[in-house]
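Fair warning: this is a prediction, and the values are worked out from it, not measured in the lab. These numbers come from the heavy atoms of this one structure, side chains and all, not from hydrogens, waters or symmetry mates.
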Amino acid sequence: MPTIKGFSKLSKEAKIEWIVANYLENNQEAIEFLKSYWHEDKVVQKLHDEFIENTVSNFYLPFGVAPNFLIDGKSYCVPMAIEESSVVAAAAKSANFWLDKGGFHTEVIDMVKVGHVHFIWSGKDTARLQTFFDSIRQKLIEGTNHITRNMQQRGGGILDIQLVDRTADEPGYYQIMSTFDTCDSMGANFINSVLEEYSKIFRNELENSDWLEEHEREVQIVMCILSNYTPQCIVRAEVTAPIELMNDGDEMSGQEFVDKFCRAVRIAEIEPYRAATHNKGIMNGIDSVVIATGNDFRAVEASAHTYASRNGKYSSLTHAEVKDGQFRFWLDIPLALGTVGGLTNLHPMVKFAYRMLGNPGAAELMRITAVVGLAQNFSALRSLVTSGIQKGHMKMHLLNILNQLEATEEEKVKIVDYFKDNVVSYSAAVDIFCKIRGIEKPVVASKN
Ligand code: MEV
């Protein structure tokens with residue numbers, strides 16, 4: 001089994017050679033393959049090389065756009081980076097549907113971030129720890145001034161610091177819980193730096209306290225870390241329309257459509273199996289905007305799913321109702337996004353995405369992203385309760401199948417045309433492909 005010490009210190013070329021020699025049977029074409037994905041502009045490539053450790057090439061994702069999003073009266077063409085064929089099409093379809101119905105409306109409910117110093121205290125009397133904590137609260141704030149000064153100048157900083165007693169769940173376990181306003185940045189580095197500074201001040205003050213007992217001056221700092229669960233960083237996106245405008249072509253009346261639609265949402269509210277898929281569809285839209293705008297989709301996913309379980313049972317992030325003849329559909333979601341810092345000022349495509357969006361601040365990006373999540377869910381449910389999901393999904397997936405079969409451009413045109421009136425499935429695509437090419441079965445080994 002090949003192993004290596006000091007891999008990260010090798011040049012990029014040497015890293016590739018090592019991989020190819022040890023894992024790719026010394027195949028020189030593999031070297032050329034990896035290099036063919038390098039950016040021709042050396043400056044741009046160097047940027048990518050330095051995003052992470054051990055970069056050997058780039059990994060492309062399609063960068064698509066969904067136009068016609070009307071959000072709070074402003075029109076957007078939204079950037080989306082995603083590999084799943086039907087997602088951008090579904091968002092764009094939804095944007096179009098709502099365009100002449102007043103578009104999407106949003107509200108940023110709050111933008112508070114949170115972090116904790118998790119520690120174990122050997123004292124027995126929580127009230128005494130609380131008294132001590134209250135006496136040093138101001139020192140914690142002042143002692144982190146060198147970190148918070150810039151953020152304060154931008155209008156943010158520390159909002160609050162509390163001592164939290166978690167000893168009922170774990171002996172000796174307490175937290176310093178602090179909330180933050182990180183303005184237009186996501187704020188992870190800022191928060192973590194402040195927390196680490198808190199822990200040093202806290203330990204120092206505790207160990208040197210002149211009124212705590214000897215055993216009360218001992219503390220074990222377990223860790224200092226922000227929480228990716230941000231239930232106080234919430235945005236709401238919603239749409240409303242009179243029921244009669246909610247008809248699905250001639251197929252279904254507005255009333256029938258909203259009845260089925262609301263039932264589908266209700267099922268996701270009460271049934272975790274469905275909620276997971278329902279929310280996954282929402283995250284198709286959210287993640288693709290989050291990636292295109294250089295934000296951390298893992299953080300957003302973690303928060304969204306934790307929020308979806310906040311009442312003790314995993315449930316839908318969207319809700320729907322019909323009241324006084326009006327259909328209303330909305331999404332409440334925690335979105336801790338930043339438009340400054342991180343990749344946002346570095347990645348060329350991210351910078352382009354921001355320019356296209358009119359350089360929004362974090363609150364505006366929260367609104368746009370939530371809307372795309374809602375739009376995505378609307379399109380998915382609309383298909384699910386009418387034609388079924390596969391019709392549109394497979395139509396979008398058709399080109400992937402044809403590319404797998406290595407169909408020529410001419411064959412693709414013929415096959416796409418054929419499927420204008422026929423239901424797409426993998427086997428139907430293979431059949432028509434073979435018929436057009438005059439072969440019995442495809443030569444390309446398929447993984448399907
Ligand atoms: C597929 O990526 C997403 C859907 O399954 C979402 C849903 O079922 O609501 C279509």
**OP:** Please step through side-chain contact (heavy atoms from CB on, under 4.5 Å) for the pair L245 and K101, ending with a clear verdict.
**Re:** CA-CA 8 Å; L245 294 187; K101 297 176 184 69; 4.1 Å; yes
**OP:** Using modelled atom types only, decide if a donor and an acceptor are shared between the side chain of N284 and the backbone of V87 within a distance under 3.5 Å.
**Re:** no
Subject >> For V78 against I368, the heavy-atom pair lying closest together >> reply: CG2-CG2, 4.0 Å
**OP:** Step through it carefully: locate the ring centre of W98, locate the ring centre of F69, and say whether they are under 6.0 Å apart.
**Re:** no
Subject >> N54-S8 side chain donor-acceptor pair, cut-off 3.5 Å >> reply: no
Original post:
What are the two closest non-hydrogen atoms of L365 and G338, and how far apart are they?
Top reply: CD2-O, 4.0 Å
Original post:
Do side-chain atoms of H116 reach the backbone of H118 as a donor and acceptor pair under 3.5 angstrom?
Top reply: no
**OP:** Taking atom types as modelled, find out whether Q162 and D160 have a side-chain donor-acceptor pair closer than 3.5 angstrom.
**Re:** yes
Original post:
Does T344 reach the main-chain N or O of G341 with its side chain, forming a donor-acceptor pair under 3.5 Å?
Top reply: yes
Original post:
Can you tell me how far CD1 of I161 sits from CZ of F180, rounded to the nearest 0.5 angstrom?
Top reply: 7.5 Å
Original post:
Going through the checks in order, is the ring pair (Phe, Tyr, Trp, His ring centres under 6.0 Å) test met by F119 and Y173?
Top reply: CA-CA 6 Å; F119 67 94; Y173 173 35; 8.1 Å; no
Subject >> side-chain contact (heavy atoms from CB on, under 4.5 Å) assessment of I221 paired with V117 >> reply: CA-CA 7 Å; I221 305 289; V117 177; 4.1 Å; yes
**OP:** Applying side-chain contact (heavy atoms from CB on, under 4.5 Å), run through F63 and F352 and close with a yes or a no.
**Re:** CA-CA 11 Å; F63 178 92; F352 179 85; 4.0 Å; yes
Original post:
Which pairs pass salt bridge (Lys or Arg N to Asp or Glu O under 4.0 Å) with one or both residues in residues 41-69, sequence neighbours excluded?
Top reply: K12-D49, K46-E50
**OP:** May I ask you to test the N58-H48 pair for a side-chain heavy-atom distance under 4.5 Å?
**Re:** yes
**OP:** Answer yes if the side chains of T182 and K113 hold a donor-acceptor pair under 3.5 Å, and no otherwise.
**Re:** yes
Original post:
Any side-chain heavy atom of T55 within less than 4.5 Å of one from I52?
Top reply: yes
**OP:** Let me see the working for E170 and R166 under salt bridge (charged side-chain N to carboxylate O under 4.0 Å, His left out), right down to the final yes or no.
**Re:** CA-CA 6 Å; E170 178 68 18; R166 296 301 311 269; over 6 Å; no
Original post:
For I158 and S178, which heavy atoms make the closest approach, and how far apart are they?
Top reply: CG2-OG, 3.9 Å
Original post:
For R298, does the CZ atom sit with more than 12 other heavy atoms under 6.0 Å from it, leaving out its own atoms?
Top reply: yes
**OP:** With salt bridge (charged side-chain N to carboxylate O under 4.0 Å, His left out) as the test, would you mind laying out the steps for E409 and K412 before giving the verdict?
**Re:** CA-CA 5 Å; E409 288 309 308; K412 281 186 199 170; 3.1 Å; yes
Subject >> For F329, the option from F257, F104, F261 that meets ring pair (Phe, Tyr, Trp, His ring centres under 6.0 Å) >> reply: F261
**OP:** Starting at CD1 of I71, measure out to CG of L357 and round the result to the nearest 0.5 Å.
**Re:** 8.5 Å
Subject >> By salt bridge (charged side-chain N to carboxylate O under 4.0 Å, His left out) - contacts of D72 (at least two apart) >> reply: R367
Original post:
Would you say the side-chain atoms of Y354 pair up with the backbone N or O of P360, donor to acceptor, closer than 3.5 Å?
Top reply: no
Original post:
With side chains defined as the heavy atoms from C-beta onward, is the minimum distance between T106 and V371 less than 4.5 Å?
Top reply: yes
Subject >> Any donor-acceptor N/O pair, S209 side chain to L206 backbone, under 3.5 Å >> reply: no
**OP:** Return yes if a side-chain donor-acceptor contact under 3.5 Å exists between S303 and T230, otherwise no.
**Re:** yes
**OP:** May I ask you to check if K200 and Y198 form a cation-pi contact, with NZ or CZ under 6.0 angstrom from the six-membered ring centre and within 45° of the axis?
**Re:** no
**OP:** Without swapping roles, check the side chain of S57 against the backbone of L34 for a donor-acceptor pair under 3.5 Å.
**Re:** yes
Original post:
Can you tell me if Y76 and E364 form a side-chain donor-acceptor pair at under 3.5 Å?
Top reply: yes
**OP:** Identify the heavy atoms of L343 and G294 that sit nearest to each other, and give their distance.
**Re:** CB-O, 3.8 Å
Original post:
Backbone N or O of L399 within a donor-acceptor pair of the N403 side chain at under 3.5 Å?
Top reply: yes
Subject >> Aromatic ring pairing F327/F378, orientation class (parallel under 30°, perpendicular over 60°, tilted between) >> reply: tilted
Original post:
With a 4.5 Å heavy-atom cut-off, do R137 and L163 have their side chains touching?
Top reply: no
Original post:
More than 12 non-hydrogen atoms from neighbouring residues, nucleotides or ligands closer than 6.0 Å to OH on Y60, yes or no?
Top reply: yes
Original post:
For N204, does its backbone N or O pair with a side-chain atom of E207 as donor and acceptor, under 3.5 Å?
Top reply: no
Original post:
Are the side chains of T369 and L337 in touch, meaning some heavy atoms are under 4.5 Å apart?
Top reply: yes
**OP:** State, without any angle test, whether Q404 and N400 hold a side-chain donor-acceptor pair at a distance under 3.5 Å.
**Re:** no
**OP:** State whether the number of non-hydrogen atoms from other residues, nucleotides or ligands found under 6.0 Å of N27 atom CG is greater than 12.
**Re:** yes
**OP:** Can you see which heavy atom on N228 is nearest to which on A299, and at what distance?
**Re:** ND2-CB, 3.3 Å
**OP:** Would you give the length of the straight line joining atom CZ of R266 to atom CD of E321, rounded to the nearest 0.5 angstrom?
**Re:** 12.5 Å
Original post:
Does the separation of the ring centres of Y37 and F59 fall below 6.0 angstrom?
Top reply: no
Original post:
Donor-acceptor pair, N279 side chain versus S315 backbone, under 3.5 Å?
Top reply: yes
Original post:
Between T318 and H278, do the side chains contain an N or O donor and an N or O acceptor separated by less than 3.5 Å?
Top reply: yes
**OP:** Decide salt bridge (charged side-chain N to carboxylate O under 4.0 Å, His left out) for E84 and K280; before the verdict, give the C-alpha distance in whole Å, the side-chain angles of both, and the deciding distance to 0.1 Å.
**Re:** CA-CA 12 Å; E84 191 175 326; K280 187 272 183 187; 2.9 Å; yes
**OP:** Evaluate the side-chain proximity of Y229 to R310: yes if any heavy-atom separation is below 4.5 Å, no if none is.
**Re:** yes
Subject >> For A264 against L381, the heavy-atom pair lying closest together >> reply: CB-CD2, 4.1 Å
Subject >> Between E32 and Q28: side-chain donor-acceptor atoms closer than 3.5 Å >> reply: no
**OP:** Supply the atom-to-atom distance L159 CG to T179 OG1, rounded to the nearest 0.5 angstrom.
**Re:** 4.5 Å
**OP:** Check for a donor-acceptor pair, side chain of E271 on one end and backbone N or O of Y273 on the other, with a separation under 3.5 Å.
**Re:** yes
Original post:
Are the side chains of L61 and I82 in touch, meaning some heavy atoms are under 4.5 Å apart?
Top reply: no
Original post:
Looking at CG of L140 and CZ of F202, how far apart are the two atoms once the value is rounded to the nearest 0.5 Å?
Top reply: 8.0 Å
Subject >> Minimum side-chain heavy-atom gap M186-V340 below 4.5 Å >> reply: no
Original post:
Say you draw a straight line from NE2 of H105 to CG of L374; how long is it, rounded to the nearest 0.5 Å?
Top reply: 11.0 Å
**OP:** Take V219 and Y174, measure what side-chain contact (heavy atoms from CB on, under 4.5 Å) needs, and give me the verdict at the end.
**Re:** CA-CA 10 Å; V219 63; Y174 296 86; over 6 Å; no
